[in-house]
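Numbers restart at 1 for each chain; the letters A, B, ... are given by sequence-line order, proteins then strands.
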Amino acid sequence: MTAWLSLLQRLSALVLAPLVLVHLGLMVYAIGDGLTAAEILGRTRGSLFWALFYGLFVIAAAVHGPIGLRTVLAEMTAWRGRSLDRALLAFGLVLLALGARAVLAVVLPGAAP
Amino acid sequence: MSQTGRSERELTVEVWRGGAEGRFERYRVPARENQSVLDLVTWVQRHLEPALAYRFACRVGMCGSCAMTVNGRPRWTCRTHVGQVAKGGRLKIAPLGNLPVIRDLVTDMTPFFEKWQRARGRFSPTRTREDEPAAVDPGSKARRAADAGIECINCAVCTAACDVVRWNPDYLGPAALNRAWTLINDARDGARAARLAAVSGAAGCHNCHSHQGCAEHCPMGLNPTAAIAGLKRASLIALLKGELS
Ligand code: SF4
Ligand code: SF4
Ligand code: FES
């Protein structure tokens, strides 16, 4: 399992790196240009591109975060083994659910906010 | 001790006495032009503290038995010149870190060598004396990778310098993993798959942070970090090929 986690950690990092950069650039652009929430939603709603972009982002983050946290906790505290693995699996699922909810809220075509 | 008082230069040497619980004792030792940290410890034992326990054998940097913590850094003491490390004529000598202390400057090396076994650090021959000797090209990539790590003297300095060993005492550590990497690259060895499985488990190579504390401190100038990076690569490739049991 350790080797699998290590592989997933690297792959998710590979995916996250460019996505984070684009995301940060996007934030700077949106805030600098003073786009309103309605204008942003107008561009994201119904967009397959943004659905895939942030969908992938959420999956990669939900994989990457818990694996890293598992290592930090195992090294810095005495918490190891199965209970730690279960707790972090749960943490990953929570991240995935919260992230998916946020992505759906901005990409699903719907009423104005 | 010095009869002439101020005319002879002296060093102040603090030496750990006791087991895991203990204290530093202070000794005054004559400073000589040429002396190693091991010479100082020997002087203390011969002249001031006959019960002082410490370990050495070869005194020339070959056996790996004399490692201690000198002014906070793990070092081989027989090849560490006092002039190199004595700041203002003061030295603090403790047992090697990340290992259980038996007494004074002697640590229990058992966990260190058990890790060599757990990492399958022993050669698994594929031929007998009846066979032709294997032809190994000294210029091949694998042989050069093996040669780069082969001069390890088992001193455990790298393991004492490794933060991950301190955080997780089960971690196989730089020396055992370096040894495993030399065997993975040994064309005559027949246990590649079992060894890759042994080094890529929960206590294995994937714990390494690649921060090179081991390489920085290794007195033989080896680079266990590079060896461990090689193991990580080889184990992930084996994983993707479905060869990692
Ligand atoms: S590079 Fe790896 S093995 Fe070497 S000291 Fe750092 S964590 Fe330990
Ligand atoms: S790798 Fe270097 S520091 Fe570590 S045990 Fe071998 S010789 Fe000593
Ligand atoms: S006494 Fe042998 S290496 Fe120092």
Side-chain angles (χ1 to χ4, degrees), chain A residues 1-24 52-53 55-97 99, chain B residues 97-98 115 118-120 159-174 176-177 180-181 184 192-214 225 227-245:
Chain A
M1 185 176 86
T2 310
W4 274 115
L5 291 179
S6 186
L7 183 67
L8 285 174
Q9 186 70 336
R10 275 161 182 70
L11 289 178
S12 56
L14 219 60
V15 171
L16 275 175
L19 297 187
V20 167
L21 289 179
V22 172
H23 173 71
L24 288 178
L52 287 178
F53 181 94
L56 196 61
F57 198 130
V58 164
I59 293 171
V63 169
H64 195 81
I67 298 178
L69 199 58
R70 176 179 178 268
T71 305
V72 173
L73 287 172
E75 282 174 357
M76 295 296 154
T77 71
W79 194 11
R80 305 213 169 116
R82 193 159 274 180
S83 70
L84 174 63
D85 291 348
R86 287 211 183 112
L88 286 163
L89 182 66
F91 176 59
L93 292 174
V94 169
L95 282 186
L96 196 65
Chain B
N98 290 345
K115 288 176 182 180
R118 278 199 276 133
R120 249 196 117 97
T159 307
C162 177
D163 289 335
V164 178
V165 173
R166 181 152 47 85
W167 296 328
N168 177 7
D170 286 339
Y171 171 46
L172 293 174
L177 292 171
W181 179 239
I184 294 271
R192 182 189 169 89
R195 190 170 295 110
L196 276 180
V199 298
S200 54
C205 62
H206 295 290
N207 289 281
C208 170
H209 288 222
S210 307
H211 70 354
Q212 309 197 41
C214 49
T225 316
I228 296 167
L231 287 177
K232 289 180 183 172
R233 208 163 47 235
S235 91
L236 291 186
I237 291 171
L239 182 72
L240 291 174
K241 285 186 175 167
E243 292 167 1
L244 204 63
S245 47

Could you please state which residues from residues 76-89 of chain A sit under 4.5 angstrom from chain B, measuring non-hydrogen atom to non-hydrogen atom, sorted by number, or 'none'?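 Against chain B, the residues of residues 76-89 of chain A that fall inside the cut-off (heavy atoms, under 4.5 Å) are A:Met76, A:Arg80.
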With a 4.5 Å heavy-atom cut-off (strictly below), which parts of residues 5-20 of chain A touch chain B? List them by number.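 At a heavy-atom separation under 4.5 Å, chain B is reached by A:Ser6, A:Leu7, A:Arg10.
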Proximity of residues 234-244 of chain B to chain A, residues having a non-hydrogen atom under 4.5 angstrom: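 Those residues of residues 234-244 of chain B which have a heavy atom under 4.5 Å from chain A are B:Leu236, B:Leu239, B:Leu240, B:Leu244.
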Taking 4.5 Å as the heavy-atom cut-off, does anything in residues 205-214 of chain B contact chain A, and if so which residues?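 Within residues 205-214 of chain B, near chain A: B:His206, B:Asn207, B:His209.
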